[in-house]
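In this text the structure is predicted, and so the values were computed from the model without any measurement.
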Amino acid sequence: MFIAKTIRKHLIFSMAIGSLLFSIFTLIYGLTSVPILALLLCVAMGPAYQIRNVAQQTVFQINIQTEHLPKVYASQNILLSTDIGLSIFLMGFIADFVGVRAVYIFGSILIFISAILSFTLVQANKRKLSTVDLKYYLQALVWMLIAVFIIWLFTK
């Protein structure tokens, strides 16, 4: 009950934390060669993903009128199905050329970007963001991409 109340009270922050944890677990999963660690990371990914998902579904239910929810959920599922198909195609293509490990690293980067954007939204809700703040987030993102690329080079 405590977790549900916390998620409901801090919806966007919960989505950001869930995405951040999921991106970290995905990155480590992509870099590990230890089977037990990979299994533990898969187990940890579930709650991280669900924190994000529960918060997202709650946002839909709070902000969309009840009579429109079926159409919104149907539209969301159509978009997700299309997205999944395209993602499988793209990631399969990437895996064929640079390896499966690169797919997990690339995926973790995309999830990390969504987490950073969510944290930016949280900050924007607290106060108006200045261009200095946006530059800080972009610099952090660039350094993260450089670090992931270096890690990937050494684990290849």
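- Put simply, the residue from R8, H10, K9 that forms a side-chain contact (heavy atoms from CB on, under 4.5 Å) with T6 is H10.
- Considering all non-hydrogen atoms of both residues, S23 and F112 come closest at CB-N, 3.5 Å.
- The shortest distance between side-chain heavy atoms of L86 and T82 falls below 4.5 Å.
- A donor-acceptor pair is defined here as one N or O able to donate and one able to accept, closer than 3.5 Å; such a pair exists between the side chain of S114 and the backbone of I111.
- For the atom pair CD1 of I51 and CD1 of I17, the computed distance is 8.5 Å after rounding to the nearest 0.5 Å.
- Rounded to the nearest 0.5 angstrom, I84 CD1 and N77 CG are separated by 9.0 Å.
- Annotation: side chain of Q57 is in contact with side chain of Y73 (closest heavy-atom distance under 4.5 Å).
- Residue pairs meeting the side chain to side chain donor-acceptor pair (under 3.5 Å) criterion with at least one member in residues 30-55, sequence neighbours excluded: S33-R101, Y49-R52, R52-Q56.
- Across all non-hydrogen atoms, the minimal contact from S14 to I7 is OG-CA, 3.4 Å.
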Could you go step by step and tell me if D83 and L79 meet the side-chain contact (heavy atoms from CB on, under 4.5 Å) rule?
-> CA-CA 6 Å; D83 181 47; L79 288 172; over 6 Å; no
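- With hydrophobic clusters built from ILVMFWY side chains whose heavy atoms lie under 4.5 angstrom apart, L39 shares a cluster with L21.
- F97 is linked by a ring-ring contact (aromatic ring centres under 6.0 Å, His included) to F93, counting only residues two or more places apart in sequence or in another chain.
- A continuous path of hydrophobic side-chain contacts links F25 to V100 [ILVMFWY only; heavy atoms under 4.5 Å].
- We find the OG1-CD distance between T66 and Q61 to be 9.0 Å, quoted to the nearest 0.5 Å.
- Residues I78 and I64 do not share a hydrophobic cluster, defined by chaining ILVMFWY side chains whose heavy atoms lie under 4.5 Å apart.
- When all heavy atoms of A115 and L20 are compared, the pair lying nearest together is CB-N, 3.6 Å.
- Taking all atoms of both residues into account, the shortest heavy-atom contact from F60 to L69 is O-CD2, 3.9 Å.
- Under the 4.5 Å side-chain contact rule for hydrophobic residues, V59 and F22 share a cluster.
- Counting all heavy atoms, side chain and backbone alike, Y104 lies closest to G30 at CB-CA, 3.5 Å.
- Rounding to the nearest 0.5 Å gives a distance of 11.5 Å between CD1 of I28 and CG of L40.
- The CG atom of L31 sits 10.0 Å away from the CG atom of L37 when rounded to the nearest 0.5 Å.
- Rounded to the nearest 0.5 Å, atoms CD1 (I109) and CD1 (I116) are 12.5 Å apart.
- For the pair L110 and M91, the tightest heavy-atom approach, listed with the atom from each and the gap, is CD1-CE, 4.4 Å.
- If you chain together hydrophobic residues whose side chains sit under 4.5 Å apart, F89 and I94 never meet in one group.
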